[in-house]
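Hydrogens, waters and symmetry mates are skipped; everything else that's a heavy atom, side chains included, is used. Start at 1 and go down the list; that is how both ligands and their atoms are numbered. In what follows, residues are counted from 1 in the order of the sequence shown. Computed from a predicted structure; not experimentally measured.
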Amino acid sequence: MELIRNVVLTGFMGSGKSVVGNQLSSNLSIPWIDTDNWIEEKTGMTIQEIFKEHGEDFFREWETKCLEELLRCSSKQVISVGGGLPIRERNQELLRELGVVIYLSARPEDIYERVAGDQSRPLLQGDDLQEKILHLWNERRLVYENCADITVVTTGKSIDETAEEIIRLLCEHNERSF
Ligand code: S3P
């Protein structure tokens, strides 16, 4: 069985894009790439350092560069993208070109549980985490939905179950050849 296009995972911070991406990559026997890791490698800086020293716009430029670079790659991959990447319209076009876009949807309360105490995400630092999550989630929810070919609800599902559901939906979506 072979994938026809890349599998692109989007969703809010803490929705499980990286862990599910890793699991899918092993189930489908294809490489996994994460745009945040790619940017950290290329710039030699962590995401926090990039935000602190160069600001968010600079980071967003790198996200677009990353997608453009990935489009040049001919082998099929599972690609997890940073939570804010689909917000730029240009990136939405690039995502559609890149492959089948899967939105891992998660409720704000689940997100809160997963990201509380995490210091690696610049947009979620400081006071009132719940309010920050709710504000960004409301702002982005429709963008994720509109940009996706497939939406997968992650609430109450293990990583394995989510990955299996994605594979089943990819088959239904005719993203695999037999
Ligand atoms: C961001 C999400 C992060 C990372 C950066 C900004 C966002 O990635 O790209 O901190 O704007 O939602 P994850 O979604 O992998 O946490």
Residue and atom name of the nearest protein heavy atom (relative to atom 14 (O) of ligand 1), distance in Å to one decimal: K17 NZ, 2.7 Å
Any donor-acceptor N or O pair under 3.5 Å, side chains D118, S120: yes
Polar side chain donor-acceptor pair, N27 to Q23, under 3.5 angstrom: yes
Contacting atoms of ligand 1, where contact means under 4.0 angstrom from a heavy atom of I47: 5 (C), 10 (O)
Numbered atoms and elements of ligand 1 in range of P122, under 4.0 angstrom, heavy atoms: 10 (O)
Donor-acceptor contact below 3.5 Å, side chain E161 vs main chain S158: yes
Note: K65-E68 ion pair, threshold 4.0 Å (strictly below): no
Contact check: F12 vs ligand 1, nitrogen or oxygen atoms, below 3.5 angstrom: no
Nitrogen or oxygen atoms of G84 and ligand 1 under 3.5 Å apart: yes
Nitrogen or oxygen of S18 less than 3.5 angstrom from that of ligand 1: no
Contact partition for L123 relative to ligand 1, non-hydrogen atoms under 4.0 Å: side chain
Cationic N near anionic O, under 4.0 Å, R90 to E93: yes
Electrostatic pair K157:E165 at N-O distance under 4.0 angstrom: yes
E56 heavy atom under 4.0 Å from ligand 1: no
Distance filter under 4.0 Å to D36 heavy atoms, resulting ligand 1 atoms: 3 (C), 4 (C), 8 (O), 9 (O), 13 (P), 15 (O)
Polar side chain donor-acceptor pair, S80 to W32, under 3.5 angstrom: yes
Aromatic plane relationship, F59 with F51 - under 30° parallel, 30 to 60° tilted, over 60° perpendicular: tilted
D110 backbone acceptor or donor facing E113 side chain under 3.5 Å: no
Proximity to ligand 1 by part of R60, non-hydrogen separation under 4.0 Å: side chain
Residue portion contacting ligand 1 (non-hydrogen atoms closer than 4.0 Å) for R140: side chain
Polar atom proximity, S120 to ligand 1 (N or O, under 3.5 Å): no
Atoms in ligand 1 with a heavy atom of R121 nearer than 4.0 Å: 16 (O)
